[in-house]
Amino acid sequence: MLHPQPYHGKLIIVEGIDGSGKSTQIDLLVKWLTAQGRTVYFSEWNSSELVKSTTRLAKKEKLFTPTTFSLLQATDFADRWENYMLPMLKAGAVVLADRYAFTAFARDVARGVDPLWVRNLYSFAPQPDLALYFRVPLEVAISRILSARAKIKYYEAGMDLGLSEDKVESFTLFQKRIMEEYERMIEEFNFTVINGTQPIQAQQKQIRALVRRVLNGWEGLPNPMAAAGKNKKRQKKQKTREVA
Ligand SMILES: Nc1ncnc2c1ncn2[C@@H]1O[C@H](COP(=O)(O)OP(=O)(O)O)[C@@H](O)[C@H]1O
Ligand SMILES: [Mg+2]
């Protein structure tokens, strides 16, 4: 178990295999919360500038072992966590993450890394206030990926594991392993399971209700832009009053 999240802000994350609909839903959530005047901070897996060039080179040259891949992605996450997500949480923002430590727990273990070792590696990361797990049958996710994208990449397909010479077959076998790890984590990390085969709007409706429950009665950091808008309105009112 990860330690509970002790900060003033709220931490909401999405997990699931590629093509399960995570990014679609979290994008809609960010827009909805921002429109409400909330201060929202969004972070995406594998997006830190700190290790970007190393990751790119190692992927290109196929230099990664499961351990070095895991360590570099943990560095990416630690950089984003310590410099952005944690300060925003402390300040009282709603921090939203497209993939969290659970992605490492699923993918690295699917690559043969020891489950306890990788959990210890991320022991600085707290348990989110809401962890949404998008569950879809493998075939649904794969057909979405194949129709949305031209090519599946080498590591994404788990080609480094030597499961199959065929990329789509390797991807399918690798995603299956990842999915099994996610399924095992539902209880361990208190995932809320979302049926990812539902239409986009139906899922978003359900997710907003869950988020509303998490934010109920909580005063976060007001969005300075929204506050500026309110002040302008107030000033306008004041002026109207003075004129009258
Ligand atoms: N509920 C849904 N029904 C049908 N297609 C969807 C649904 N949600 C997402 N998609 C489509 O599936 C593809 C993958 O979705 P995405 O949100 O990028 O998944 P993920 O971030 O989990 O990889 C995209 O082309 C997206 O438009
Ligand atoms: Mg995505």
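Heavy-atom basis, side chains included; hydrogens, waters and symmetry copies ignored. Order of appearance sets the numbers: ligands from 1, and atoms from 1 within every ligand.
Ligand 1 is never approached by Gln25 to a heavy-atom distance shorter than 4.0 Å. Residue Gly16 places every heavy atom at 4.0 Å or more from ligand 1.
Counting atoms of ligand 1 from 1 in the listed order, those under 4.0 Å from a heavy atom of Asp18 are 23 (O). Against a heavy-atom cut-off of under 4.0 Å, Ser20 is close to the following atoms of ligand 1: 19 (O), 22 (O). Within the listing of ligand 1, atoms 25 (O) sit less than 4.0 angstrom from a heavy atom of Ala148. Each of the following atoms of ligand 1 lies closer than 4.0 Å to a heavy atom of Gln203: 1 (N). Close approach to Ile17 involves these atoms of ligand 1, each under 4.0 Å from a residue heavy atom: 22 (O).
At least one N or O atom of Thr24 sits closer than 3.5 Å to an N or O atom of ligand 1. Considering backbone and side-chain N/O of Gly21, one or more are found under 3.5 Å from N/O of ligand 1.
Using a 4.5 Å heavy-atom cutoff, the side chains of Tyr155 and Asp160 are in contact. By the 4.5 Å heavy-atom criterion applied to side chains, Trp32 and Gln36 are counted as neighbours.
The Mg ion (ligand 2) has no N, O or S atom of Thr24 inside 2.8 Å of it.
A salt bridge links Arg99 with Asp18: the closest approach of a Lys/Arg side-chain nitrogen to an acidic carboxylate oxygen falls below 4.0 angstrom. The pair Arg184-Glu181 counts as a salt bridge, with a side-chain nitrogen and a carboxylate oxygen less than 4.0 angstrom apart. Taking a cutoff of 4.0 Å between a charged side-chain nitrogen and a carboxylate oxygen, Arg80 and Asp76 qualify as a salt bridge.
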Could you go step by step and tell me if Glu183 and Arg135 meet the salt bridge (Lys or Arg N to Asp or Glu O under 4.0 Å) rule?
CA-CA 9 Å; Glu183 291 290 326; Arg135 181 192 267 157; 2.8 Å; yes

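The protein atom (non-hydrogen) at minimum distance from atom 12 (O) of ligand 1 is Arg144 CD, 3.2 Å. Looking at atom 22 (O) of ligand 1, its nearest protein heavy atom turns out to be Lys22 NZ, 2.7 Å. For atom 14 (C) of ligand 1, the closest non-hydrogen atom of the protein is Gly19 CA, 4.0 Å. From the protein, the heavy atom lying nearest to atom 1 (N) of ligand 1 is Gln198 O, 2.9 Å. In terms of protein heavy-atom proximity, atom 18 (O) of ligand 1 is nearest to Ser23 CB, 4.1 Å. Annotation: atom 8 (N) of ligand 1 to nearest protein heavy atom, Ile200 CG1, 3.7 Å.
For OH of Tyr154, the number of neighbouring non-hydrogen atoms (other residues, nucleotides, ligands) closer than 6.0 Å is greater than 12.
The aromatic rings of Phe102 and Phe191 sit perpendicular, their planes meeting at an angle over 60°, well past the 30° parallel limit. Between Phe105 and Tyr122, the ring planes lie perpendicular to each other; the angle is over 60°, past the 30° to 60° tilted range. Using cut-offs of 30° and 60° for the angle between ring planes, the His8 and Trp218 rings count as tilted.
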